[in-house]
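The structure appears right after this line, and notes come after that.
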Amino acid sequence: MQIQTATLGYPRIGKNREVKKALEAFWSGKLESEALLQTIKEVEETNWKIQLEAGIDKIGVGDTSLYDHVLDWMFRFGLIPERFQQFSGLECYFVMARGKEGIAALEMTKWFDTNYHYLVPEIAEKTLSADFSDFLERVCRAQKILGNRAIPIVLGPCTLLRLSKLEPNIDIDKIVSKLIPLYINLLTDLKNLGVEEVQMHEPALVLGDANSWKEHFQTAYNSFSSVGLPLNLVTYFDDLGETYPWVIELPVSAISLDFTRGRNLEFIKNYGFPQDKRLGVGIVDARNIWQIYPEKVLPILQEIVLTLHGTSLHIQPSASLQFVPDDAKREKQLPLQLRNVLSFAEQKLQEVIFLARTITGENTQVEQDFLESNWSKFEQFSPANQSVQGRLKTLNIADFQRSLSYGLRLDSQIPLPLFPTTTIGSFPQTSEVRQLRVRYKRSELSQEAYQAAIDVQIADSIKLQEELGLDVLVHGEFERTDMVEFFGQQLSGFAFTENGWVQSYGSRYVRPPIIYGDVVRTAPMTVREFKVAQSLTEKPVKGMLTGPVTILNWSYARTDISRQEQAFQIALALRDEVADLEAAGAKVIQVDEPALREGLPLKHQRWSEYLSWAVDAFLLATAVAQPQTQIHTHMCYCEFGDIIKDIERLDADVISIENSRSNNQTLREITEAGYTHQVGNGVYDIHSPVVPTTEQILQQLQTGIANLPMKQIWVNPDCGLKTRRWSEVIPSIKNMVEAAKVLRVSVNATPK
Ligand code: GLN
Ligand code: ZN
């Protein structure tokens, strides 16, 4: 049996966010394109050397990107939608990514169930003209440094198409047959360069509908086999599901599977694996930041080896390492016990090597003991919190239910005019506000001075909201950098990195918090600002919280306890906050869950299990509220048709949603489902700087009235306003309030 090590991609933003800096300088005209491209080269060459020095045998290359790897392949295959064809070269690439006056960028959406966003290809029926020169040039450079360890990473044709938007009436077979010869050209060019193998990334194989793509996969891969270049068919993020039996028969030399999620191990045991193919064993979790537990991982690996005796194996991360930061050793401010069990990209390379050496029988006992002792030191450092554990054990059905049902509690809630107006929570984060937080963080401002300055912002915003005539006010979230980080920093059990950046999209990077221990609220988190705001007005001010599912989904989670348990722990902390806000006089409390939907598992059959605990977590956080307290939730999307029952089960009195870009499809779905609670159907798009007119907002509201009983309708923008300027916000809200007033008059004038 031959055992080697491999990688499927590496963090591509640079150790010190070089790519972001270069991109932003380039966009603002301060950097030439040559210098930008040079930065990318340096980042990728550094990456190659790190992987080479770590001793990886087969190093994935070609995944570094100026913006997004899906865009890169679209571009190389000449899949340029018509509106961009007037541009060429880099300009065209960036207009596709970011748009330009009057030319909409490509749509962006989440890459499978990760928090990375890719650009959605739009495919029209036209001749493609491919140009792979940039990719081939990279591969050549990689070969100079890595020799035959350089394994090009190519996005497979079926995944590329599966993730695309096809023009109506387009014949997918035709597109496949146009793409195949282009792929063959690419593979032939790569073969001529002397590469030993190519990774064809086809994560679409783990999606629930992959079986319906069987023929396309067979056609494509049968054609590719004519090139005579060994292909590694790479899948990740879940198991192959029902496609397993035919996927393993495709004419490729290797298949890579994810063994950190799903049931691939079971499939191998039940169906076997062809002797003549190599198996890529994705066993080091590329989606999380924890060091492996040898006692958990080694038995799985041994089982694979035993089942497949004789088959060649590659030990590798489960996916590209782009989903984890670069190097945990740099996080010097984190306690050593925690830092020692963190594993970012560099550490994961070491783990891959360790696992391969253990399997080949090399003596790695010393490393194994070391890893295990790291974990035992960590366990002493972060012991279970008895109080939260105890609370979780004694939960009962009543804890997940409001004490009165919606119909019965409704009349006791705060009286409001028809079509109540409100905003989603945040107001513009001006540079003045950001400066305040920075200076406070650097201890240049005392806590008193900082809070006093925040209170001035709150007071100004309350005054403004009163002048604008809004019905339900917000304090403005000036004290929050980020809706998850703000809560994480006040809860025990969360850690924050200094350099742990991962790409969210393009030049936007995030530093996800790490949940490392039981989550406990040690003090009220939002009550002070709420009280300040409420003391300044007779109008109701909303208490404003981020929901448990969103906090969990936007963090790196623990792996020693279930996600459900972590969501419930966070929910208990929020539950106490809801009770405290209520005690402080809040009549309206909003709990945002923008990440609830994106946490849905890739395979439909696992949705109900997730939704069951996710909705329970929201209920656990909110059901403590008195019947008189109006609970709001907010979600920045509107695809509810398939989860409307779960949305109903949240039992929020009011839900505000993004709906200004979806042709009111959601409203129709909500209506058809017979949704009885109140809905704030976002009346304008906050992602655009354009100020909506009263007319436009009225029109949007008219659709609302046509679909839902008037009593159910709220009037609000479709998301928070923190990314906008005051000069956009003020006239927009003014028009919004005006539209509500006009509507009130007009419906009162119309006999019912
Ligand atoms: N309350 C948050 C805000 O207004 C909601 C943000 C979000 O939905 N992503 O900023
Ligand atoms: Zn939103």
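Since the model is a prediction, treat every value here as computed from it, not as a measurement. Counting starts at 1 for both ligands and their atoms, following the listed order.
Here the closest non-hydrogen pair linking Arg508 and Lys20 is CA-NZ, 4.4 Å.
For Cys636 atom SG and His634 atom NE2, the angle they make at the Zn ion (ligand 2) is roughly 120°, to 10 degrees.
Both tests pass for Arg287 against the ring of Phe237: distance under 6.0 Å to the centre and angle within 45° of the axis. Relative to the ring axis of Tyr118, Lys110 does not place its NZ or CZ within 45° and under 6.0 Å from the centre.
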Is there any protein N/O under 3.5 Å from an N/O of ligand 1, and what does the full list of such pairs look like?
residue	atom	partner	partner atom	Å
ligand 1	1 (N)	Ile424	O	3.1
ligand 1	1 (N)	Glu477	OE2	2.9
ligand 1	1 (N)	Asp592	OD2	2.6
ligand 1	4 (O)	Ile424	O	3.4
ligand 1	4 (O)	Ser426	N	2.9
ligand 1	4 (O)	Ser426	OG	3.1
ligand 1	8 (O)	His634	NE2	3.1
ligand 1	10 (O)	Ser426	OG	2.7

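The number of heavy-atom neighbours closer than 6.0 Å to NZ of Lys21, taken from other residues, nucleotides and ligands shown, is above 12. The local environment of CD in Glu695 is sparse, with at most 12 non-hydrogen atoms from other residues, nucleotides or ligands closer than 6.0 Å.
With sequence neighbours excluded, no residue forms a salt bridge (charged side-chain N to carboxylate O under 4.0 Å, His left out) with Glu609.
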